[in-house]
Amino acid sequence: MTSWFWFTHGDRRLTVGAQATWTWGMYGVSTRVAVKAIEPNRRILLDWNLEDRPSEVEFLFERRGGFTWVEIINRGFEDTDEGLAEAFDAKEGFTLVLAGAKLWLEQAIEPRFILDRFPDRVRETWKQR
């Protein structure tokens with residue numbers, strides 16, 4: 001489902017203790033994540049970007065009336081200028097993910113936020129759906 005609004009491919013389902021690779025085919029990049037906790041309908045906790053400078057990402061889901069509130073917390077950045085830049089970049093990326101998910105889930109519109117974010121980096125061989 002996430003391929004409609006975020007990454008283009010994941011190599012496995014998320015289960016506690018598993019490591020997965022998430023790929024953004026349009027850019028030819030991927031990241032490894034390690035699943036630390038899953039509480040159905042409540043929380044997913046994982047280590048993100050295992051190969052480079054890992055951080056911890058927590059997805060929180062809270063029922064509010066007839067809707068689900070989603071919050072993403074990304075922590076573990078170094079207290080340096082580079083770490084601060086990475087934190088701001090991550091915040092921007094996860095904001096696009098949440099906006100894209102909302103648009104796709106509520107309106108059945110496939111957003112192009114992630115694809116359009118870096119148009120000069122899209123691989124020439126990339127084929128859209």
Side-chain angles (χ1 to χ4, degrees):
M1 178 172 27
T2 53
S3 68
W4 290 100
F5 60 86
W6 193 10
F7 51 87
T8 57
H9 178 76
D11 69 345
R12 64 184 38 106
R13 295 181 67 84
L14 298 183
T15 58
V16 175
Q19 288 191 8
T21 299
W22 292 346
T23 301
W24 289 261
M26 71 285 276
Y27 301 122
V29 299
S30 61
T31 193
R32 298 271 306 149
V33 299
V35 183
K36 296 167 77 172
I38 295 178
E39 298 172 36
N41 301 316
R42 186 175 172 285
R43 174 178 178 245
I44 300 170
L45 179 66
L46 49 85
D47 284 331
W48 171 276
N49 195 21
L50 297 177
E51 295 86 15
D52 197 12
R53 287 187 288 272
S55 64
E56 187 176 73
V57 179
E58 186 170 26
F59 299 84
L60 299 170
F61 307 93
E62 180 185 332
R63 191 84 171 140
R64 291 189 181 179
F67 301 95
T68 300
W69 177 260
V70 181
E71 183 177 2
I72 301 174
I73 301 167
N74 193 187
R75 53 186 162 264
F77 297 98
E78 293 181 10
D79 190 11
T80 62
D81 288 345
E82 188 175 86
L84 184 60
E86 289 173 357
F88 280 118
D89 186 51
K91 179 179 180 178
E92 178 182 289
F94 284 125
T95 298
L96 290 175
V97 168
L98 288 174
K102 182 174 178 62
L103 188 60
W104 186 74
L105 290 167
E106 293 180 2
Q107 304 297 322
I109 296 171
E110 182 178 359
R112 297 174 42 96
F113 301 145
I114 303 302
L115 179 62
D116 290 347
R117 177 61 186 98
F118 302 105
D120 296 334
R121 295 187 198 167
V122 175
R123 297 167 58 177
E124 289 182 24
T125 59
W126 175 249
K127 303 266 191 261
Q128 291 189 319
R129 303 180 213 254

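This structure is a prediction, so every number in the text was calculated from the model and none was measured.
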Side chain to side chain, R42 and F61, heavy atoms closer than 4.5 Å: no
Residues that F59 engages under ring pair (Phe, Tyr, Trp, His ring centres under 6.0 Å), provided they are two or more places apart: none
Sub-4.5 Å side-chain heavy-atom contact between T2 and F5: yes
Student check: side-chain heavy atoms of T68 and R63 closer than 4.5 Å: yes
Test of ring centre spacing under 6.0 Å for W48 and W22: yes
D81 side, atom CG; E78 side, atom CD - distance, nearest 0.5 Å: 11.5 Å
All side-chain contact (heavy atoms from CB on, under 4.5 Å) counterparts of V35, not counting sequence neighbours: L14, I38
Heavy-atom side-chain proximity of L98 to E71 below 4.5 angstrom: no
Pairwise distance OH(Y27) to CZ(R121) - rounded to 0.5 angstrom: 8.0 Å
Reported CD1-to-CH2 distance for the pair I109 and W104, which is rounded to 0.5 angstrom: 12.5 Å
Exercise: identify the closest heavy-atom pair between N74 and A90: OD1-CB, 3.2 Å
Q19 versus A34, closest heavy-atom pair with distance: CG-CB, 3.9 Å
Residue D52 excluded, over 12 heavy atoms near CG under 6.0 Å: yes
E106: partners by side chain to side chain donor-acceptor pair (under 3.5 Å), with sequence neighbours left out: K102
Electrostatic pair R43-E58, nearest N-O below 4.0 angstrom: yes
Test item: E56 and L45 side chains (from C-beta on) under 4.5 Å apart, heavy atoms: yes
Which residues share a side-chain contact (heavy atoms from CB on, under 4.5 Å) with T21, sequence neighbours left out: D11, T23, S30, R32
Spacing of I114 atom CD1 and F7 atom CZ [to the nearest 0.5 Å]: 11.0 Å
Candidate pair W6 and W24, rule side chain to side chain contact (heavy atoms under 4.5 Å, CB included), full reasoning: CA-CA 8 Å; W6 193 10; W24 289 261; 3.7 Å; yes
Gap between atom CG of N49 and atom CD of E86 - 0.5 Å precision: 8.0 Å
Pairwise side-chain contact, F94 with V57, heavy-atom cut-off 4.5 Å (strictly under): yes
Nearest atoms (heavy-atom pairs only) where R123 meets G25: CD-O, 3.4 Å
For the student: nearest non-hydrogen atoms of R117 and L96, plus distance: CD-CD1, 3.9 Å
Ring pair (Phe, Tyr, Trp, His ring centres under 6.0 Å) against F88, all qualifying residues, sequence neighbours excluded: none
Any L50 side-chain heavy atom under 4.5 Å of V33 side chain: no
Hphob cluster co-occupancy, L84 + F77, side-chain heavy atoms under 4.5 angstrom: no
Gap separating the CE atom of M26 from the NZ atom of K127, nearest 0.5 angstrom: 14.5 Å
Any residue meeting side-chain contact (heavy atoms from CB on, under 4.5 Å) with R64, in chain and number order, not counting sequence neighbours: E62, W69
Full working for side chain to side chain contact (heavy atoms under 4.5 Å, CB included) between M1 and L105: CA-CA 10 Å; M1 178 172 27; L105 290 167; 3.9 Å; yes
Closest contact, heavy atoms only, L60 versus I73: CD1-CD1, 3.7 Å
